[in-house]
Amino acid sequence: MSADFWAGYISGAAGIIIGNPLDLVKTRLQAGKIPQSADTVVSASTPQSFRGQFENAGTLVRGATAPILGYGALNALLFVTYNRTLAFLHDPSTPTSFSKIWLAGVTGGLASFVVSAPTELIKCRAQVLTERNTTSWSIAKGVWRKEGVRGLYYGGGITSVRDAVGYGFYFWSYEWMKQTWTTQDDSDRETAMKVLLCGGLAGIVTWASIFPLDVIKTRVQTQTLYDAKSRSGENGALLPQGAQSKRLGSWDVAQQAYRAEGTGVFFRGLGICSVRAFIVNAVQWAVYEWTMRLLSRT
C-alpha cells in the first residue's frame, strides 16, 4: 500500500476516536423527532439537554465501531483518489490550480461514497437509537438480513452528493489556507500550528457548505421503515393499524422537515458540528502530514 493510503487510514481513524462524542450529539440534533405519519415509523429518542444526550459511559463511543473501521478505509480511499486525480490532471504534489484541487476533491468524495454510505447509515442509526443492546454490528446484521446490500446503501444518493461537494471544499480550503499562511522560513513548530489551524478551519468550511444536505441524509438514514411483510410478523416490528409502508426519499424528507420545523431545521446542530469539525480535522490533517513525512523517510 502507498504512503498516502496508510496516512489517510490512520488519520481517519484518529479523527473518529476524538470526535465521536460530539458527532453523536450532532446526529441526534439533526435526526430530531421526525413527525410520525401513516407511512413512516420512526424509532428515535432525542434528549434536549447536552448532558441528556449521554445515557451512560458507553454512549460516548456509541456508533464509533463502524466509523473507526469504515472511516479509516474511507479516508485512505479519499486521499489516494485525490492525489491520483491531481497527478492525472498534471498538477504537482504541491498543487497550484485551485480549480483542479476542487475537482480532485470532488472525485475523491465520489469514490469514498462506496464506503461512506453504509458506514454513515450504521453510525447514524446506532447513535440515534438509545437501547443498551444496540451496537453497530447488530444494526449492520439487521439491515443485511432484511434488505441485503441495497439496504446498506439506503440514502446513498444524498450521501454521494454531500461527499462530492463537501470534499471539494475540504481540499480547496485547506490548500488555499496552507499556501497563503505558510512560508519556507517557518520553524517546525510554526508549521505544525499552521497545519492544525488550516485543518480545523477547512473542516468548518466543509461542514458549513453541506450541512443542510447532511441533515437530510441523517433523517433519510434514521427512518425506521418496514415492508409489507412485517404485518405477518416477519422482518421486524409490526406496522400500526392502517399504516402503509413507504420509503421516503431525500426530497420528501426535506419537504416534511421544512413543513414541520421551518428553515432552521436544516442548520440544527451546526454549532456543535463546527466545534467537532475544527478539532477532528485539525488532528486529522496533522496526523496525515506527520505520517506522510514519516513514511517518506522509510
query: If you link I, L, V, M, F, W and Y whenever their side-chain heavy atoms are under 4.5 Å apart, who else ends up in the same group as Met193?
result: Leu196
message: Clusters formed by hydrophobic residues whose side-chain heavy atoms approach within less than 4.5 Å: which one holds Val280, and what are its other members?
response: none
Using modelled atom types only, decide if a donor and an acceptor are shared between the side chain of [X] and the backbone of [Y] within a distance under 3.5 Å.
{"X": "Thr81", "Y": "Leu78", "result": "no"}
{"X": "Gln256", "Y": "Leu248", "result": "no"}
{"X": "Asn281", "Y": "Ala277", "result": "yes"}
{"X": "Lys100", "Y": "Leu89", "result": "yes"}

- prompt: Is the Phe266 ring parallel, tilted or perpendicular to the Tyr258 ring (thresholds 30°, 60°)?
  reply: parallel
- prompt: Aromatic rings Trp172 and Trp176: how do their planes relate, parallel, tilted or perpendicular, breaks at 30° and 60°?
  reply: parallel
Can you tell me how far apart [atom1] ([X]) and [atom2] ([Y]) are? Round to the nearest 0.5 Å.
{"X": "Tyr153", "Y": "Ser160", "atom1": "OH", "atom2": "OG", "result": "11.5 Å"}
{"X": "Phe169", "Y": "Thr206", "atom1": "CZ", "atom2": "OG1", "result": "9.0 Å"}
{"X": "Ser11", "Y": "Asn75", "atom1": "OG", "atom2": "CG", "result": "4.5 Å"}
{"X": "Arg219", "Y": "Cys124", "atom1": "CZ", "atom2": "SG", "result": "12.0 Å"}
{"X": "Ile18", "Y": "Ile279", "atom1": "CD1", "atom2": "CD1", "result": "8.5 Å"}
{"X": "Leu86", "Y": "Thr96", "atom1": "CG", "atom2": "OG1", "result": "10.0 Å"}

- request: Could you state whether Val253 and Phe267 fall into the same hydrophobic cluster, counting links through intermediate Ile, Leu, Val, Met, Phe, Trp or Tyr residues with side-chain heavy atoms under 4.5 angstrom apart?
  value: yes
field: side chain to side chain contact (heavy atoms under 4.5 Å, CB included) between Leu152 and Ile122, worked out
entry: CA-CA 8 Å; Leu152 292 173; Ile122 295 167; 4.2 Å; yes
field: side chain to side chain donor-acceptor pair (under 3.5 Å) between Asp4 and Ser2, worked out
entry: CA-CA 6 Å; Asp4 52 356; Ser2 60; 2.4 Å; yes
Any side-chain donor-acceptor pair under 3.5 Å between [X] and [Y]?
{"X": "Tyr288", "Y": "Trp6", "value": "no"}
{"X": "Ser116", "Y": "Asp163", "value": "yes"}
{"X": "Asp188", "Y": "Thr191", "value": "no"}

- prompt: When Lys194 is tested against each of Asp186, Thr183, Thr180, Thr182 for side-chain hydrogen bond (donor to acceptor under 3.5 Å, both in side chains), which residue passes?
  reply: Asp186
query: Do Arg125 and Glu120 sit within salt-bridge range, that is, some charged N less than 4.0 Å from a carboxylate O?
result: no
- request: Using a strict cut-off of less than 4.0 Å between a Lys/Arg side-chain nitrogen and an Asp/Glu carboxylate oxygen, indicate whether Glu289 and Lys178 qualify as a salt bridge.
  value: yes
query: Which pair of non-hydrogen atoms, one from Leu295 and one from Ala7, has the smallest distance, and what is that distance?
result: CD1-N, 4.5 Å
- prompt: Any chance CH2 of Trp181 has more than 12 other-residue heavy atoms, nucleotides or ligands included, within less than 6.0 Å?
  reply: yes
Trp285-Tyr174 aromatic ring centre distance below 6.0 Å: yes
- prompt: For the ring pair (Phe, Tyr, Trp, His ring centres under 6.0 Å) test, which of Phe171, Tyr167, Tyr170, Phe5 pairs with Phe79?
  reply: Phe171
